[in-house]
*Asks:* 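One structure coming up, written as structure tokens, with questions to follow.
Scope of the values below: all heavy atoms of this structure, side chains included, with no hydrogens, waters or symmetry mates.
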Amino acid sequence: MNRRALLPVAACAGVGINGLRLRARMRALAVIAPADEPVHPSHVFLLADGVRLDEPARRAASAHARREGLTVLDLVPAELPAHELLDLARLVDPARYRTQRLERGRGAFRALLVDRDVLERTGLDLKDPSRVDLVAATAALKLLAPASTDLAILPGLTTADGFTPADGGPPTGSADGSDRVAVQFAARPWEPGQPFFPLARDLAVAAGATAAPGWALGAAVLSWLQPLVVGAGRIRVPATDLVRSPLTRRRPALRTLASAVGGAVTGSGVDLPRPGPPAPEPAVLAAKRREYAADLAAGIDRFLEPATTSCPWCGGTDLSLALRGADAIQVKPGVFRYDRCGGCGHVFQNPRLTLDGLDFYYRDTYSGLGSGLTEELFRRNTDSYLERARIDIPTPRRWLDVGGGFGHFCAAAREVWPTTSFDGLDIGAAIGEAERRGWVDQAYRGLLPDLAGTMSGRYDVVSMFHYLEHTRDPRAELRAAAEVLAPGGHLLIEVPNAQSPAARWYGTYWPGWFVPQHQHLVPSDNLTAALGEVGLEVLDVRFGETHQRGDAPVVFWGMWQRATPSPAVPWREVSRPGLARGRRALVGAAVFTAMPAAIAWDMASRPYLTTGRRSNAYRILARLP
């Protein structure tokens with residue numbers, strides 16, 4: 001068997017195995033039982049175009065939501081077009097969806113039952129919503145109800161545009177898949193290639209069809225019948241839709257690609273669904289451009305303080321260059337030096353950014369234009385949040401997370417400590433959004449040393465996860481943390497380990513440097529000594545398991561950013577944006593192709609990096625006697 005013959009063999013096996021995986025997901029969906037109770041007055045129904053929901057179905061859905069303690073319920077029709085069924089199974093794992101507090105809100109995007117109070121908190125105006133509108137609504141609602149959102153099959157929910165009209169004309173709306181790519185781009189804003197993966201599989205089968213025609217036919221038949229397997233007897237695909245499903249499942253992606261290529265060749269404008277997060281309003285982007293242009297015109301040298309000749313930690317003068325790096329995240333201009341003290345090993349930015357410089361380089365990272373990417377990255381760290389929260393201490397009454405951002409850690413940690421009150425503190429506006437979502441019980445905006453006096457002795461736990469390295473005076477932060485702790489309270493700190501081999505391997509692209517936002521990278525011995533100085537007893541210093549995955553992929557991503565920065569960012573002036581976008585797309589394709597190798601290296605190097613003190617981060621648990 002030659003290599004081309006392996007393509008349809010692999011496709012055949014992949015379709016079969018994946019079909020069984022998706023079938024298990026759909027079997028985990030609850031089926032809503034009939035009910036006689038009236039619809040609860042707090043329940044609101046949001047129906048996409050062409051969806052009908054009679055009174056018995058409304059009563060059943062309302063009773064199910066109340067019985068299960070749900071405030072958001074995605075209602076799945078018991079009959080769906082093949083492409084919608086497969087998309088639903090790929091998007092959602094019902095067995096884990098409700099318990100995954102940081103999971104993106106997803107579903108069938110046909111009908112939603114929502115508690116009125118939760119809906120009002122979104123601020124959304126949803127009159128006659130489309131399926132794309134329901135994608136945005138579901139994502140917003142899941143944020144506000146992370147542990148009380150679920151989905152279930154509702155018999156009696158019908159879709160008027162679902163199948164062939166009575167007059168025998170062609171199917172319309174979702175039945176012919178015309179909205180499929182738009183819905184998929186909206187549901188997977190950071191995975192724009194997902195709608196086109198089936199096409200890649202089809203090409204692989206076609207490439208090996210002459211070498212292994214039997215396997216190619218088998219792959220085609222399995223793909224055709226996959227919706228029957230996935231439906232698991234719970235969600236039906238009408239026979240007429242199943243017959244034409246190979247066409248309806250591929251046509252939207254083919255049209256999108258053809259339109260994109262045609263537009264690129266002719267230079268004509270093409271009305272296509274846009275992958276990625278929503279683009280900022282033109283007026284907002286224009287204002288940002290003016291703001292950054294004024295900052296850059298005044299020069300960036302003013303953003304740096306005079307260089308120091310002594311270590312800010314121990315006062316020693318034996319300084320050497322540790323790194324000369326640049327911003328690999330936003331690719332804002334500037335080169336930054338980090339020195340290492342030969343006496344104590346402390347690593348620090350020298351010269352240090354001024355307060356205005358910090359504002360310039362932080363701007364549009366955690367909020368504004370960068371909020372979408374930040375949210376997506378933080379959302380994917382659930383396992384890390386849970387691992388940090390599982391510390392062996394008495395049940396805390398009140399927990400303060402310093403540098404809490406949008407509150408992702410606090411939202412996840414409630415699974416470990418369900419009776420604990422979680423508060424958050426941050427200098428940015430994101431902490432207010434965390435309070436609005438209910439992810440933190442109380443939000444403090446400002447600096448801990450400035451606010452500590454108002455919180456003296458209040459907290460059983462204070463956490464600082466990848467926060468201390470951002471601060472201008474880490475010792476002042478430790479004194480403030482000791483002040484807000486109650487007697488017997490615990491301080492939990494996690495910071496990058498600049499002594500890790502990863503810091504040397506990857507240079508300026510290593511996430512632990514995070515040039516230029518990180519000001520101080522404190523060695524563990526220095527930090528444990530400083531904790532003793534403020535009256536805290538160190539209980540545990542942990543390397544190894546605190547190692548964070550993903551250094552190599554992030555490095556590849558940073559190299560792509562530096563090599564071909566986005567021409568859309570408002571701090572860059574690009575004379576030929578079309579050429580810049582094309583170059584960025586080509587380099588991005590190469591990076592995407594190489595990403596599996598980066599992931600493999602990240603996994604292969606993990607045993608070495610998690611031995612001894614080589615991990616890219618370390619964690620300290622201390623207690624106030």
Side-chain angles (χ1 to χ4, degrees), residues 291-366 402-403 426-428 446-452 464 466-480 495-499 503-504 506-523 525-527 529-530 533-534 558 562 571-572:
E291 182 181 23
Y292 279 107
D295 281 331
L296 294 170
I300 61 172
D301 290 344
R302 64 193 173 94
F303 290 147
L304 294 173
E305 297 178 349
T308 181
T309 57
S310 61
C311 172
W313 194 267
C314 72
T317 57
D318 179 16
L319 306 182
S320 61
L321 177 67
L323 176 78
R324 192 183 303 276
D327 180 1
I329 304 300
Q330 292 186 304
V331 200
K332 288 180 177 177
V335 177
F336 304 88
R337 178 186 175 104
Y338 287 78
D339 282 342
R340 177 177 281 108
C341 175
C344 70
H346 185 73
V347 177
F348 63 100
Q349 191 181 76
N350 188 26
R352 184 175 68 169
L353 284 169
T354 65
L355 292 177
D356 286 342
L358 287 170
D359 173 74
F360 177 81
Y361 287 102
Y362 271 78
R363 197 184 310 157
D364 293 308
T365 302
Y366 303 101
V402 182
D426 207 306
I427 196 172
L447 298 170
L448 181 61
D450 296 340
L451 299 174
M464 296 176 168
H466 293 270
Y467 162 80
L468 207 59
E469 62 269 25
H470 289 263
T471 63
R472 292 170 66 80
D473 186 352
R475 277 198 169 99
E477 302 288 338
L478 299 180
R479 290 192 295 270
V495 292
N497 177 22
Q499 281 68 47
R504 301 189 301 273
Y506 301 128
T508 191
Y509 299 104
W510 178 55
W513 289 117
F514 206 171
V515 181
Q517 294 190 19
H518 287 178
Q519 307 284 290
H520 297 273
L521 288 97
V522 188
D525 292 342
N526 290 6
L527 191 51
E533 292 169 5
V534 299
R562 292 291 306 171
W571 49 87
R572 285 178 52 84

*Asks:* Using ring pair (Phe, Tyr, Trp, His ring centres under 6.0 Å) as the criterion, list what pairs up with Tyr509, not counting sequence neighbours.
*Replies:*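 Partners of Tyr509 by the ring pair (Phe, Tyr, Trp, His ring centres under 6.0 Å) criterion come out as none, since no residue qualifies.
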*Asks:* Is the shortest side-chain heavy-atom distance between Phe360 and Tyr292 below 4.5 Å?
*Replies:*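 Yes, close enough: below the 4.5 Å cut-off.
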*Asks:* Rounded to the nearest 0.5 Å, how far does CZ of Arg324 lie from OH of Tyr338?
*Replies:*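 Output value for this atom pair is 12.5 Å.
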*Asks:* Checking Arg572 now: which residues fulfil salt bridge (Lys or Arg N to Asp or Glu O under 4.0 Å) with it, not counting sequence neighbours?
*Replies:*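 Counting only residues at least two positions away or on another chain, Arg572 forms no salt bridge (Lys or Arg N to Asp or Glu O under 4.0 Å).
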*Asks:* Within this structure, what is the CG-CG distance for the pair Leu527 and Leu468, rounded to the nearest 0.5 Å?
*Replies:*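 One gets 6.0 Å once the value is rounded to the nearest 0.5 Å.
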*Asks:* Side-chain contact, heavy-atom cut-off 4.5 Å: Leu323 with Trp513?
*Replies:*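 Answer yes - side chains close enough.
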*Asks:* If we only count heavy atoms from C-beta on, is the Gln519 to Arg352 side-chain gap below 4.5 Å?
*Replies:*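 Counting from C-beta outward, Gln519 and Arg352 do come under 4.5 Å.
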*Asks:* For Asn350 and Ala307, indicate whether the former's side chain and the latter's backbone hold a donor-acceptor pair under 3.5 Å.
*Replies:*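 Not at all, since once roles are kept as given, no pair shorter than 3.5 Å links the two residues.
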*Asks:* Which atom names give the shortest non-hydrogen contact between Ala322 and Val347, and what distance separates them?
*Replies:*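 Distance-wise, the nearest heavy atoms are CB-CG1, 4.3 Å.
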*Asks:* Determine, step by step, whether Gln330 and Thr365 satisfy the side chain to side chain contact (heavy atoms under 4.5 Å, CB included) criterion, reporting the C-alpha distance in whole Å, the side-chain angles of both residues, the deciding distance to 0.1 Å, and the verdict.
*Replies:* CA-CA 8 Å; Gln330 292 186 304; Thr365 302; 3.0 Å; yes
*Asks:* Please find the pair of heavy atoms, one from Gly325 and one from Thr508, that lie closest to each other, and give the distance.
*Replies:*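 Minimum heavy-atom contact is CA-OG1, 3.2 Å.
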*Asks:* Taking the six-membered ring for Trp, are Phe514 and Tyr361 ring centroids under 6.0 Å apart?
*Replies:*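 No, too far apart.
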*Asks:* Which heavy atom of Ala326 sits nearest to which heavy atom of Gly334, and what is that distance?
*Replies:*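 Closest heavy-atom pair between Ala326 and Gly334: CB-O, 3.7 Å.
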*Asks:* Search all heavy atoms of Pro511 against all heavy atoms of His518 and return the closest pair with its distance.
*Replies:*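 Minimum heavy-atom separation between Pro511 and His518: O-CE1, 4.1 Å.
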*Asks:* Compare every heavy atom of Gly345 with every heavy atom of Pro523, then report the nearest pair and how far apart it is.
*Replies:*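 Taking Pro523 first and Gly345 second, the nearest heavy atoms are CG-O, 3.3 Å.
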*Asks:* Is there a side-chain contact between Cys311 and Leu319 (heavy atoms, below 4.5 Å)?
*Replies:*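 In contact.
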*Asks:* Test of understanding: with salt bridge (Lys or Arg N to Asp or Glu O under 4.0 Å), list the residues that count as partners of Glu291, not counting sequence neighbours.
*Replies:*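 Here the qualifying residues are Arg363.
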*Asks:* Using 0.5 Å steps for rounding, measure from the CD1 atom of Ile427 to the CG atom of Leu447.
*Replies:*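 Ile427 CD1 to Leu447 CG: 4.5 Å, rounded to 0.5 Å.
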*Asks:* Measure centre to centre between the rings of Phe348 and Trp313, then say whether the value is under 6.0 Å.
*Replies:*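 Ring-ring flag for Phe348/Trp313: false, centres at least 6.0 Å apart.
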*Asks:* With a 4.0 Å cut-off, would you call Glu305 and Arg472 a salt bridge?
*Replies:*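 A salt bridge is present here (some side-chain N lies under 4.0 Å from a carboxylate O).
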*Asks:* How far does CG of Leu448 sit from CZ of Arg479, to the nearest 0.5 angstrom?
*Replies:*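 These two atoms lie 11.5 Å from each other.
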*Asks:* For Arg340, enumerate each residue passing the salt bridge (Lys or Arg N to Asp or Glu O under 4.0 Å) test, keeping only those at least two apart in sequence or located in another chain.
*Replies:*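 With neighbours one apart ignored, the set is empty.
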*Asks:* Tell me, please, which residues at least two apart from Asp525 pass salt bridge (Lys or Arg N to Asp or Glu O under 4.0 Å).
*Replies:*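 Scan of Asp525 (salt bridge (Lys or Arg N to Asp or Glu O under 4.0 Å), adjacent residues dropped) gives Arg613.
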*Asks:* Rounded to the nearest 0.5 Å, what separates atom CG in Asp364 from atom CH2 in Trp571?
*Replies:*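 Output value for this atom pair is 5.5 Å.
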*Asks:* Any ion pair linking Arg302 and Asp295 (charged N to carboxylate O, less than 4.0 Å)?
*Replies:*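 Salt bridge present between Asp295 and Arg302.
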*Asks:* Compare all side-chain heavy atoms of Leu296 with those of Pro333 and state whether any distance is below 4.5 angstrom.
*Replies:*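 A side-chain contact exists here, since the closest heavy-atom pair is under 4.5 Å.
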*Asks:* Any side-chain heavy atom of Pro516 within less than 4.5 Å of one from Asp327?
*Replies:*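 Sidechains of Asp327 and Pro516: in contact.
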*Asks:* Report yes if the side chains of Leu304 and Leu353 come closer than 4.5 Å at any heavy-atom pair, otherwise no.
*Replies:*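 Heavy-atom side-chain distance check passes, below 4.5 Å.
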*Asks:* Determine whether the side chains of Tyr362 and His470 contain a donor N or O and an acceptor N or O closer than 3.5 Å.
*Replies:*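 Yes, a side-chain donor-acceptor pair sits under 3.5 Å.
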*Asks:* How long is the span from the CG atom in Asn526 to the CG atom in Leu521, to the nearest 0.5 Å?
*Replies:*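 Asn526 CG to Leu521 CG: 11.5 Å, rounded to 0.5 Å.
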*Asks:* So His346 and Cys314, do their side chains get closer than 4.5 Å, heavy atoms only?
*Replies:*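 No. Closest side-chain heavy atoms not under 4.5 Å.
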*Asks:* Got a sec, which residues hit ring pair (Phe, Tyr, Trp, His ring centres under 6.0 Å) with Tyr467, two or more places apart in sequence or on another chain?
*Replies:*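 Not a single residue meets the ring pair (Phe, Tyr, Trp, His ring centres under 6.0 Å) criterion with Tyr467.
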*Asks:* Decide yes or no on side chain to side chain contact (heavy atoms under 4.5 Å, CB included) for Gln349 and Arg337, but give the supporting numbers first.
*Replies:* CA-CA 6 Å; Gln349 191 181 76; Arg337 178 186 175 104; over 6 Å; no
*Asks:* Can you see which heavy atom on Ala328 is nearest to which on Arg562, and at what distance?
*Replies:*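 Residues Ala328 and Arg562, closest heavy atoms: CA-CD, 3.9 Å.
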